[in-house]
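Working notes, structure below.
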Amino acid sequence: MTSATELFRSARDFLLEHREDYATAYGGFRWPRPEYFNWALDWFDEIADGNARTALHIVEEDGRETQLSFGEMSVRSAQFATWLRARGVRAEDRILVMLGNQAELWITALAAMKLRAVVIPATPLLGPADLRDRVERGRVRHVIARPEDAGKFAEVPGDYTRIAAGAAGAVPAGWLPLDDAYGASADFTPDGPTRSDDPLMLYFTSGTTARPKLVEHTHTSYPIGHLSTMYWIGLKPGDVHLNISSPGWAKHAWSNLFAPWNAEATVFLHNYTRFDAARLMAEMDRAGVTTFCAPPTVWRMLIQADLTQLRTPPREVVAAGEPLNPEVIEQVRRAWGVTIRDGFGQTETAVQVANSPGQPLKTGSMGRPSPGYRVELLDPVSGAPGATEGEIALDLSDRPVGLMTGYHGDADRTAEAMAGGYYRTGDIASRDAEGYLTYIGRSDDVFKASDYKISPFELESALLEHEAVAEAAVVPAPDEVRLSVPKAYVVLADGWEPGPDTAKVLFEHSREALAPYKRIRRLEFADLPKTVSGKIRRIALREATAAGSDAEYREEDFR
């Protein structure tokens, strides 16, 4: 066991020991800050040595199952690392990983860490346009994808290795079958030490600018940083943890990789094409799920079913994404006898604020600062800390380990986010006398639809590519299931007339130009309200959308 492993284990065990004692955990926790650390080698392989307990359990919709022990995951990731090295993968090479919830996703994550390669997670929902941007700006040298997604890369130029996570018979021409890796040697030796500040992951995340930001994390900021996520969920060794999240997004790494394996828990997944609450609860019972994390959209769908079908409810249940409605929390409490606890974080961080296990809960509050985080509210006018309502910010005088390095390749944006000795989240909250924080909203115009972040600028740019569109503005429209969906207000170019025919054309363009989760779902032809300086007054559009309009077209009417 290395000294880095001992430091990590000591910090982890402190949080486990005080998992329901917030005051002691917050006051006594100190981030381990080793000079060298490789989570896959110094932690996962250590706990996997001779360990036959299940690390990963995946149940498919058709009943097929995959179960791999900690020991098997260690061996397979070593084989894959050896195989990748033989195919030219080197330290700090960028690997775009576009896989579903399949064992290869976790094996790839571990193998890349062992090689000190940098992973660029990508959701399989992405289309060629998004992939071109990621391959170009991410300087991608290798791609690992499902065989069914290989065709998307025919439109993505670049000299990159193509690897398909499928059996040889299913792999298209020009792609290497990942299955070949399991014939490689498991005797892997790293080519050098891993510095704690070496890059580990690059996340593309939506913003208000023309293109997504590149959030850079290191070999400590996410692996060690997610000790706070482990603490929030209430994970402990031997747990079976289910987190419903799509691969490619930061929350998937939070709660399907680092937090559960930091706790030596089993990661459980149930794959489905259409959400079926009864089937999900049956699988939870069968697998013995003890801790459960789901986005608010899933919680809202779950309460439409008979929750008492779950015979053995989880010990801990949490939600992240946006505040849950009190009635949802109450229905789950009545049926399962447990209370859903909120947590707040970003792609840029781990869990900064949360309702931790065993603590008094306040309706609407997302809790108190996580151990290791000094959270301030910055006054919206002066920018000074100590406000009762203001921008959520992290004090950098004691920089938390679970904070990104910065926005890769964008020194100006990084400097802006870290200005004045604080990392500024762009989120607004209030704080009460007992230190509980209540979320208010974003300080910019990014919104969420079905728990995915949506950048209005990206959607507007896509619309403006069509010849019919002279101007466009996108705002969230209320939706019973998805919380909100993108609605576009469009000013037409000369020669085009407002009406259902034009609306149909623009919905079709949206489906072709945007990934499914970004598509325009509602549309209205209207002049755009603007300030004197010519800027679109989005607040006016949000108010109009909330009020409703008979002039609105809906995507579902044109299917």
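Remember, it's a predicted structure, so these values are computed and weren't measured experimentally. Numbering starts at 1 and runs along the sequence shown.
Under the 3.5 Å distance criterion, with hydrogens and angles disregarded, a donor-acceptor pair is assigned to the side chains of Thr291 and His241. Side-chain N/O atoms of Asn101 and His252 include a donor and acceptor closer than 3.5 Å. A donor-acceptor pair shorter than 3.5 Å can be found between the side chains of Glu348 and Tyr407. For the residue pair Asp285 and Gln309, no side-chain donor N or O sits within less than 3.5 Å of a side-chain acceptor on the partner. Counted by atom type alone, Gln359 and Ser356 present zero donor-acceptor pairs between their side chains at under 3.5 Å. No hydrogens or angles considered: a donor-acceptor pair under 3.5 Å links the side chains of Tyr452 and Ser246. Gln102 and Arg146 share no side-chain donor-acceptor pair at under 3.5 Å. Ser484 and Lys448 share no side-chain donor-acceptor pair at under 3.5 Å.
The main-chain N or O of Ser74 is found under 3.5 Å from a side-chain atom of Ser77 such that the two form a donor-acceptor pair. Between the side chain of Asp379 and the backbone N or O of Pro385 there is no donor-acceptor pair closer than 3.5 Å. Side chain of Asp276 to main chain of Ala278: a donor-acceptor pair is present (N/O by atom type, distance under 3.5 Å, no hydrogens or angles).
Tyr272 does not carry Arg279 over the face of its six-membered ring by the limits of under 6.0 Å from the centre and within 45° of the normal.
Not counting sequence neighbours, the partners of Arg341 by the side-chain hydrogen bond (donor to acceptor under 3.5 Å, both in side chains) test are Glu316. Partners of His408 by ring pair (Phe, Tyr, Trp, His ring centres under 6.0 Å), not counting sequence neighbours: none found.
Ring-plane geometry between Tyr222 and Tyr203 is classed as tilted, the angle between the planes lying from 30 to 60 degrees on a 0 to 90 degree scale. Using cut-offs of 30° and 60° on the angle between ring planes, the pair Trp232 and Trp254 is perpendicular.
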(request) Assess whether salt bridge (charged side-chain N to carboxylate O under 4.0 Å, His left out) is satisfied between Glu65 and Arg286, documenting all intermediate values. (result) CA-CA 12 Å; Glu65 295 190 57; Arg286 193 170 67 87; 3.0 Å; yes
(message) Does Phe70 form a ring-ring contact (aromatic ring centres under 6.0 Å, His included) with Phe44? I'd like the steps, not just the answer.
(response) CA-CA 8 Å; Phe70 281 92; Phe44 190 86; 5.6 Å; yes
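Using a 4.0 Å cut-off between charged nitrogen and carboxylate oxygen, Glu330 and Arg333 count as a salt-bridge pair. For the pair Arg521 and Asp479, the salt-bridge criterion is not met [side-chain N within less than 4.0 Å of a carboxylate O]. Between Arg538 and Glu543 there is no salt bridge, since none of the side-chain N atoms of the basic residue sits less than 4.0 Å from a carboxylate O of the acidic one.
Nearest approach of Arg19 to Gly234, heavy atoms of both residues: NH2-O, 2.7 Å.
Close placement of the Phe292 and Trp299 rings is indicated, their centers lying within 6.0 Å of each other. For an aromatic pair to be called close, the ring centres must be under 6.0 Å apart, and Phe258 with Trp43 fails this.
Screening residues 27-37 for salt bridge (charged side-chain N to carboxylate O under 4.0 Å, His left out) gives Arg33-Asp398, Glu35-Arg195 as the qualifying pairs, with residues at least two apart or on separate chains.
Within a 6.0 Å sphere centred on CD of Glu416, other residues, nucleotides and ligands contribute 12 heavy atoms or fewer.
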